[in-house]
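First comes the structure, then the notes that go with it.
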Amino acid sequence: MRAHPPEVHMATLARSGRRVSPFRLSSLLRGEKDPSVALQLFRSVDAGPETKPFRYSLLSYDLVITKLGRARMFDEMEQVLAQLGRETRFSVPEPLFCQVISFYARARLFDRALRTYRSIPSFRCHRSVKSWNSVLHALLKCGEYGRMDEVFDEFRNHASPDACTCNILIRALCGSGKLEDARAVLDEMPLRGIRPDGVTFLVLINGLCSNSMLGEAFELKDDMVRVHGIRPDARLYASLMKGCCKVGDVNMAFGLKEEMLRERVELDAAIYSTLIHALFEVGRTAEVCGLLEEMRENGCKPDTVTYNVLISGSCKKKDIDEAYRLLDAMVENGCKPDVTSYNVIMGELCKEGKLDEATDLFEDMPRRGCTPDVVSYWILFSGLCEKMQLKEAAFLLDEMVFKGYTPHDASVYKFVDLLCQEGNHELLLTVLCSLRKGKAVKADYWTRMISLTCKNNEFSNVELVDHLINS
DNA sequence: TTAGGGTTAG
């Protein structure tokens with residue numbers, strides 16, 4: 001369905017009055033891109049407590065909740081969820097809760113994810129291992145490893161772990177550097193009657209490769225094939241190739257490409273992106289064109305990541321014009337530049353001291369359909385500090401904190417140090433106040449920054465703390 | 001809409 005402007009939807013509803021059907025509402029909601037308008041539509045069909053309640057379909061609830069969750073409009077999402085909880089005509093399917101839990105995970109709101117999991121029974125829905133796995137995944141995404149035991153104890157009463165549970169656990173252990181424990185989970189799976197699958201091996205091999213344990217990774221791949229009868233896929237090869245490149249063995253990565261051809265595993269854009277990146281890393285740039293040609297011959301189209309690798313390669317060669325040309329080529333070939341495409345170019349502009357151009361690109365991103373992310377802010381902030389454009393840096397830091405992004409403690413400390421050296425009292429106080437308001441700096445860094453400020457005789461301890469408390 | 005690969009930054 002073609003997306004109409006909101007006023008068209010509203011006009012449709014106004015014309016139909018209360019006669020709009022639950023089916024029609026779902027189809028209107030499906031076509032509505034703006035989550036606020038979708039919510040408005042959803043609410044507009046119910047005339048209030050005086051009249052017969054509108055019989056919302058489960059699909060309408062699903063559509064609105066999903067749109068609000070994606071847009072991080074959590075308060076509104078909870079209101080619709082609460083309304084859904086009051087419906088007695090149907091029970092709510094578990095995947096909807098999995099979705100809600102993953103929205104909270106993405107926003108790093110683990111407690112809200114856990115609360116959602118606990119509320120599932122009140123929606124007349126049975127909690128299976130699926131929603132449990134979503135919570136576990138949320139725990140991993142939010143980095144709340146310390147709460148693993150607490151949450152595991154609660155879950156044991158509701159469901160038994162499956163392969164997916166183990167895979168999430170293995171990934172969490174790899175992520176915190178506990179590779180032996182991760183391996184132990186794999187070894188324990190058959191004892192618990194759980195069969196490891198392709199994902200289990202991928203996650204573990206990926207962990208081993210990230211830690212440069214190539215020997216163990218290849219050994220595990222052999223076990224996977226011989227003992228478990230699982231064929232390696234392109235994802236597994238990409239992990240192994242990246243591992244080879246990490247230890248500097250690009251030839252071994254190309255050897256894996258040959259193996260893929262022999263074993264008839266399809267080479268996709270991720271495989272080529274990994275190899276092209278490796279060539280740039282070791283300075284074998286002359287071979288990039290040939291590989292791109294081979295990619296074309298194999299009917300494999302470059303995707304956004306492939307272009308980003310090429311942009312990053314051009315930047316390494318200090319060829320910004322080529323980077324911009326690639327940005328245009330992306331659009332011509334139906335690939336949308338993403339935040340990484342811009343961050344790479346901005347990073348190079350900062351490195352070359354072209355701060356005005358970097359700032360222009362940063363400010364132009366929204367117009368080009370791309371929102372700057374935390375990395376965009378980090379790049380521009382450190383570029384401005386490097387060039388001693390402290391006023392501009394202070395302004396950007398304030399904006400970053402206001403948007404809820406966390407700056408690096410170390411770069412903030414360095415920035416405060418620079419302001420002290422400059423003796424710019426006014427700006428120093430403004431910066432400290434905006435950091436305090438955003439609660440963007442860890443406590444021990446505050447101590448360090450306050451002692452730094454006072455050591456430089458900018459302010460007395462009492463004077464500074466007083467100012468921060470009362471600002 | 002249960003879990004998984006390749007690009008930026010630190």
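The model shown is predicted, which means the values in this text are computed figures rather than measured ones.
- For Y104(A) and F110(A), the ring centers sit 6.0 Å or farther from each other.
- Rounded to the nearest Å, the gap between the P atom of dG6(B) and that of dT2(B) is 22 Å.
- Taking only side-chain nitrogens and oxygens, R171(A) comes nearer than 4.0 Å to OP1 or OP2 of dG4(B).
- Rounded to whole Å, the C1' atom of dA3(B) lies 23 Å from the corresponding atom of dT7(B).
- Checked against the 6.0 Å centroid threshold, F97(A) and F123(A) count as a close aromatic pair.
- When each of dT7(B), dT1(B), dT2(B) is scored by its nearest atom to the side-chain atoms of D62(A), the top-ranked nucleotide is dT1(B).
- Computed from coordinates, the I379(A) CD1 to dT8(B) C1' distance equals 6 Å when rounded to whole Å.
- Of the listed nucleotides (dT1(B), dG6(B), dT8(B)), dG6(B) has the atom at the smallest distance from the side chain of A269(A).
- The side chain of V199(A) lies closest to dG4(B) when the candidates are dT2(B), dG4(B), dG6(B).
- Using a 4.5 Å cut-off on side-chain heavy atoms (C-beta onward), R231(A) and V225(A) make no contact.
- No donor-acceptor contact under 3.5 Å links the side chain of D268(A) to the base of dG6(B).
- With sequence neighbours excluded, no residue satisfies salt bridge (Lys or Arg N to Asp or Glu O under 4.0 Å) with E386(A).
- Which of dT1(B), dT2(B), dG5(B) sits closest to the side chain of T66(A) comes down to dT1(B).
- Among the protein residues, I168(A) comes within range of the sugar-phosphate backbone only, with heavy atoms under 4.0 Å from sugar or phosphate atoms but none that close to a base.
- dG6(B) atom C1' lies 14 Å from atom CG of L256(A), rounded to whole Å.
- Distances shorter than 4.0 Å separate none of the side-chain N or O atoms of H277(A) from OP1 or OP2 on dG6(B).
- Rounding to whole angstrom units, CG of residue N206(A) and P of dA3(B) are separated by 16 Å.
- Of the residues in residues 281-316 of chain A, those placing a heavy atom less than 4.0 Å from an atom of DNA chain B are D303(A), V305(A), T306(A), N308(A), V309(A), in numerical order.
- Using a 4.0 Å cut-off between charged side-chain N and carboxylate O, E293(A) and R296(A) make a salt bridge.
- Of the candidate nucleotides dT1(B), dA3(B), dT8(B), dT8(B) has the atom lying nearest to any side-chain atom of V344(A).
- Contact check, K130(A) against dA3(B): no side-chain N or O comes under 4.0 Å of OP1 or OP2.
- We find that CG of L136(A) is positioned 11 Å from P of dA3(B), with the value rounded to whole Å.
- Rounded to whole Å, atom C1' of dA3(B) lies 9 Å from atom CG of D162(A).
- Across the protein-nucleic acid pair, N343(A) atom CG and dG10(B) atom P stand 11 Å apart, rounded to whole Å.
- Listed by first and then second residue, the salt bridge (charged side-chain N to carboxylate O under 4.0 Å, His left out) pairs involving residues 107-118 of chain A are D75(A)-R112(A), D111(A)-R147(A), R118(A)-E154(A) (not counting sequence neighbours).
- At the heavy-atom level, T274(A) lies under 4.0 Å from the strands shown only through sugar-phosphate atoms.
- To the nearest angstrom, C1' of dG6(B) lies 12 Å from CG of L202(A).
- Atoms CG (L59(A)) and C1' (dT1(B)) sit 13 Å apart, rounded to a whole Å.
- For H137(A), the listed nucleotide lying nearest its side chain is dA3(B); candidates were dG6(B), dT1(B), dA3(B).
- Under 3.5 Å, the side chain of S273(A) and the base of dG6(B) form at least one donor-acceptor pair of N or O atoms.
- Counted by atom type alone, S128(A) and E94(A) present one or more donor-acceptor pairs between their side chains at under 3.5 Å.
- Contact check for V151(A) versus L139(A): side-chain heavy atoms found under the 4.5 Å cut-off.
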